[in-house]
Amino acid sequence: MGIRILRLWRLARTDFRVLWHALRHPDRPRWLWPVMAALALYAVWPFDPISVLVPAIGLLDDVVVIALAVHWLLKLLPSHVLRAAQQRAGIAPRA
C-alpha cells in the first residue's frame, strides 16, 4: 500500500505543477478557475461524510479525491494549453 500512495503522490505532485501553469495560461478555459475554487472549498470543508463513517481514512480519501479530480481536469484542458503547461512545468507530455 505504501508504494501505491507514493505513486499517487508523485502523480499528484506532477499534476498540480502542470495545473498551476495551466491556470496562468492566457487561453485557459473560463471554467477552470471556478472548478479549482470548488475543489479548494472541498479540501477545506469541515464536514466530510466519509471521515464520519470511517475516521481512519478521512484525510486519505480527500487526498485521493483531489488528486483524481486534478488529473481529470488536466484531461479536459485544450491540448495546446496542456502542452504549454507541461512545457513550463518541465514535464514531458503524456501519450
- prompt: Does some side-chain heavy atom of F16 sit less than 4.5 Å from a side-chain heavy atom of I66?
  reply: yes
- request: Any chance you could measure Q86, atom CD, to T14, atom OG1, to the nearest 0.5 Å?
  value: 10.0 Å
field: Side chains of P29 and L77 in contact at under 4.5 Å (non-hydrogen atoms)
entry: yes
- prompt: Hey, quick one: are W20 and V18 part of the same hydrophobic cluster, counting side-chain heavy atoms closer than 4.5 Å, chains of contacts allowed?
  reply: no
message: Restricting to non-hydrogen atoms, name the atom on A89 and the atom on R17 that form the minimum distance, rounded to 0.1 Å.
response: O-NH2, 2.8 Å
- prompt: Which residues pass the side chain to side chain contact (heavy atoms under 4.5 Å, CB included) test with W33, sequence neighbours left out?
  reply: L23, R28
task: Compare all side-chain heavy atoms of R24 with those of R88 and state whether any distance is below 4.5 angstrom.
output: yes
query: Can you check side chain to side chain contact (heavy atoms under 4.5 Å, CB included) on M36 and L73, steps first, answer last?
result: CA-CA 9 Å; M36 285 307 302; L73 286 174; 3.7 Å; yes
query: Looking at side-chain heavy atoms only, is the closest gap between L19 and L32 below 4.5 Å?
result: yes
message: Testing the basics here: between A85 and A22, what is the closest heavy-atom pair and its distance to 0.1 Å?
response: CB-N, 3.5 Å
- prompt: Quick check: are there more than 12 heavy atoms from other residues, nucleotides or ligands sitting under 6.0 Å from CH2 of W31?
  reply: yes
